[in-house]
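Labels below follow one simple rule: chain letters A, B, ... track the order of the sequence lines, proteins then strands, and each chain is numbered from 1.
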There are 2 protein chains.
Amino acid sequence: MALKEAPQYRKLYEKLRKLIENGTYARGDLLPSENELCAAHHLTRPTVRKALDMLVNDRFIIRHQGKGSIVQGQPKGIGILSLSGTTSAIGQDKLTTHIIVKPNIRSWEQAFGYEISEQDKSLGCIHIERLRLINDIPVFYDITLIPNLNLTRFTSRSFENKSLFEILRKHYQIQVKGGEQKILAIKADERIQEHFRVKRNHPILRLDRKMETNRAGFSFYSQIYCNTMDYSLIGRF
Amino acid sequence: MALKEAPQYRKLYEKLRKLIENGTYARGDLLPSENELCAAHHLTRPTVRKALDMLVNDRFIIRHQGKGSIVQGQPKGIGILSLSGTTSAIGQDKLTTHIIVKPNIRSWEQAFGYEISEQDKSLGCIHIERLRLINDIPVFYDITLIPNLNLTRFTSRSFENKSLFEILRKHYQIQVKGGEQKILAIKADERIQEHFRVKRNHPILRLDRKMETNRAGFSFYSQIYCNTMDYSLIGRF
DNA sequence: TATTCGCACTTGTAAATACAAGTAAAAAAT
DNA sequence: ATTTTTTACTTGTATTTACAAGTGCGAATA
């Protein structure tokens, strides 16, 4: 089964998104006009517009009739509380990742309080645990459970300093479209105390999340512990 | 200034959305095919597809190539983490409100870490503090700061068991369009211990929010303390 | 000088057309 | 009867064309 090539509008979306993410286009800049993008990439306007529609949807740009497409910058907009993964929520600070439990396949019974389908249950799940540090301070500990269907070579990929969301999007055409989350404040248990190097009774934020994707019936789950002492979570809504 | 008529694709979106919301199309049903919708509404496929794109985006439907558009049903409520105020986030449980500090006008210097404009600063702000109980358990304590411009009779209104968001929308045509929030876990301080009837070191969730409205330049601010022991915050994103 | 007007640009909406690709059921072959 | 192939649908991608409408700037006008 050969991988189908990504459609043109999607390729353009990825290109422009990258240019915004790496700062080539900064907040407030105008993107090239639709006609210029057409000429530059040998596409027609509806195709270009579809790519821009996606960027609007992800809050990378806004458009003004008669004016142009205005870069909004990284959608801090979609901080960890609204949509994106951790990596894009951090911004330019140094984010390092330690894999505590390497991707491995195991069975599951439940997923942090969320119901899972019988099919997912029968196939088992990919299990990852990561500790993430911002500027060398441990801030996130996350456990991720992904249904084990058809993600070839997934367990052998490197996740160090890479965004899980980005891997899913680029290699498997899976985009997180939204989801559900519970959020609560708890005391640090022993394992968390150790990872975060904090005392007992230290208040910790916990998120239990279900991520829903563009692939029908495909959801995955994560539980995130956050030490908000030095870095609080920021999000737009 | 006459109101411009809504575009065709938006009208179709509204129609189909209404049909899903009132149950004419139920979860699992197939929408009429794109060609049938074209014929029925005298539109062409690109226009129909644009309406369906919007429904996909809002998660009312998903589409399957070769199959059709499958109704997903109503996207579930948006909890406190995404957009709405507390009242609509609770659902059917009993929510009671105690006004701890009645609406009063005072000066402000800052608003929970957010920058405020010079104009807002010069006019002072309306200050409210409320304790909210779900099924008689104290769960939220919130402090709200609203710039004091032109909200006639605001301080004399009753806020018992009423939604602040609703008052702003109905009486002042102010709608919250989005905003920014910081979220962190803290230990209960003395005042919170008392209100929530919890011990020292009890983990508490704190949200610092800036609410942006449809009125240009008008934002207001709130700080919310949550006891997530019995009720965790649930939201979609 | 200050204002108005027009032009050249931008994005927004909409149609008509073509072909690719996935799905499911009918039709044909085994 | 079972399997395979065909066929008639569905949505997905992409082009071409046309006009509407908002923006900003420079030239013409008062």
Side-chain angles (χ1 to χ4, degrees), chain A residues 1-16 20 25 28-72 149-150 169 172-175 177 213-218, chain B residues 1-16 25 28-72 216:
Chain A
M1 174 184 144
L3 271 181
K4 192 175 55 173
E5 198 182 26
Q8 303 289 342
Y9 68 85
R10 188 165 183 74
K11 286 196 265 184
L12 178 57
Y13 163 81
E14 292 288 351
K15 279 185 210 169
L16 294 174
I20 293 171
Y25 295 119
D29 288 353
L30 282 179
L31 240 46
S33 79
E34 298 179 357
N35 284 324
E36 286 170 336
L37 288 172
C38 291
H41 299 87
H42 308 289
L43 298 169
T44 55
R45 237 202 357 140
T47 307
V48 167
R49 280 182 67 77
K50 191 147 189 183
L52 294 178
D53 283 342
M54 293 179 72
L55 290 172
V56 168
N57 226 292
D58 293 348
R59 313 250 227 141
F60 282 99
I61 63 170
I62 56 176
R63 277 139 120 195
H64 265 180
Q65 188 172 1
K67 218 168 174 186
S69 298
I70 302 154
V71 174
Q72 289 294 90
L149 23 84
N150 245 343
R169 180 164 49 85
Y172 304 100
Q173 287 80 49
I174 293 172
Q175 263 192 303
K177 300 297 285 183
T213 71
N214 56 344
R215 195 178 284 191
F218 185 83
Chain B
M1 174 182 147
L3 273 180
K4 193 175 57 173
E5 197 182 26
Q8 303 290 340
Y9 67 86
R10 180 150 191 77
K11 285 195 266 184
L12 178 56
Y13 162 81
E14 294 290 351
K15 278 185 209 167
L16 293 174
Y25 295 118
D29 288 354
L30 280 178
L31 242 46
S33 79
E34 296 178 358
N35 284 323
E36 285 170 336
L37 289 172
C38 291
H41 299 87
H42 308 288
L43 298 170
T44 56
R45 242 188 98 209
T47 307
V48 167
R49 280 182 68 76
K50 191 146 189 185
L52 294 178
D53 283 342
M54 294 179 71
L55 290 172
V56 169
N57 227 293
D58 293 349
R59 310 169 131 268
F60 283 99
I61 62 170
I62 56 176
R63 276 138 118 194
H64 263 175
Q65 190 173 2
K67 218 168 172 184
S69 299
I70 301 154
V71 175
Q72 289 293 89

To the nearest Å, how far apart are [X] [atom1] and [N] [atom2]?
{"X": "H41(B)", "N": "dA15(C)", "atom1": "NE2", "atom2": "P", "value": "13 Å"}
{"X": "R49(B)", "N": "dA15(C)", "atom1": "CZ", "atom2": "P", "value": "15 Å"}
{"X": "L12(B)", "N": "dA14(C)", "atom1": "CG", "atom2": "P", "value": "11 Å"}
{"X": "M54(B)", "N": "dT13(C)", "atom1": "CE", "atom2": "C1'", "value": "13 Å"}
{"X": "K67(A)", "N": "dT23(D)", "atom1": "NZ", "atom2": "P", "value": "8 Å"}
{"X": "D53(B)", "N": "dT13(D)", "atom1": "CG", "atom2": "C1'", "value": "12 Å"}

Approximate separation, where rounding is to 0.5 Å, of L55(B) CG and I62(B) CD1: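 That separation rounds to 13.0 Å.
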Looking at CZ of R63(B) and CG of D53(B), how far apart are the two atoms once the value is rounded to the nearest 0.5 Å? 4.5 Å
Looking only at side-chain atoms of [X], point me to the closest of [options].
{"X": "E34(A)", "options": "dT10(D), dA14(D), dG12(C)", "answer": "dG12(C)"}
{"X": "T44(B)", "options": "dT23(C), dA15(C), dT16(D)", "answer": "dA15(C)"}
{"X": "Q65(B)", "options": "dA18(C), dA21(C), dT15(D)", "answer": "dA21(C)"}
{"X": "N35(B)", "options": "dG24(D), dT11(D), dT11(C)", "answer": "dT11(D)"}

So does [X] get a side-chain nitrogen or oxygen closer than 4.0 Å to the phosphate oxygens (OP1/OP2) of [N]?
{"X": "Y9(A)", "N": "dA14(D)", "answer": "no"}
{"X": "R63(B)", "N": "dG12(D)", "answer": "yes"}
{"X": "T47(A)", "N": "dT15(D)", "answer": "yes"}

Ignoring hydrogens and angles, answer whether the base of dG12(C) and the side-chain atoms of R10(B) contain a donor-acceptor pair closer than 3.5 Å.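 Looking at the base of dG12(C), it does not pair with any donor or acceptor on the side chain of R10(B) (distance under 3.5 Å).
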Can you tell me whether the side chain of Q8(B) and the base of dA14(C) have a donor-acceptor pair closer than 3.5 Å?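 No pair found.
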Look only at the side chain of S69(A) and the backbone of L31(A), and say whether a donor-acceptor pair between them is shorter than 3.5 Å. no
Can you confirm whether P32(B) sits close enough to Y25(B) that some side-chain heavy atom of one is under 4.5 Å from a side-chain heavy atom of the other? yes
Taking the side chain as C-beta and beyond, is there a heavy-atom pair between H41(B) and K11(B) under 4.5 Å?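 H41(B) vs K11(B): side chains apart.
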Which is more 5' along DNA chain C, the nucleotide nearest K50(B) or the one nearest S33(A)? Just name the residue.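 Closer to the 5' end of DNA chain C: S33(A).
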Closest-nucleotide 5' rank along DNA chain D - winner of P46(B) and G66(B): G66(B)
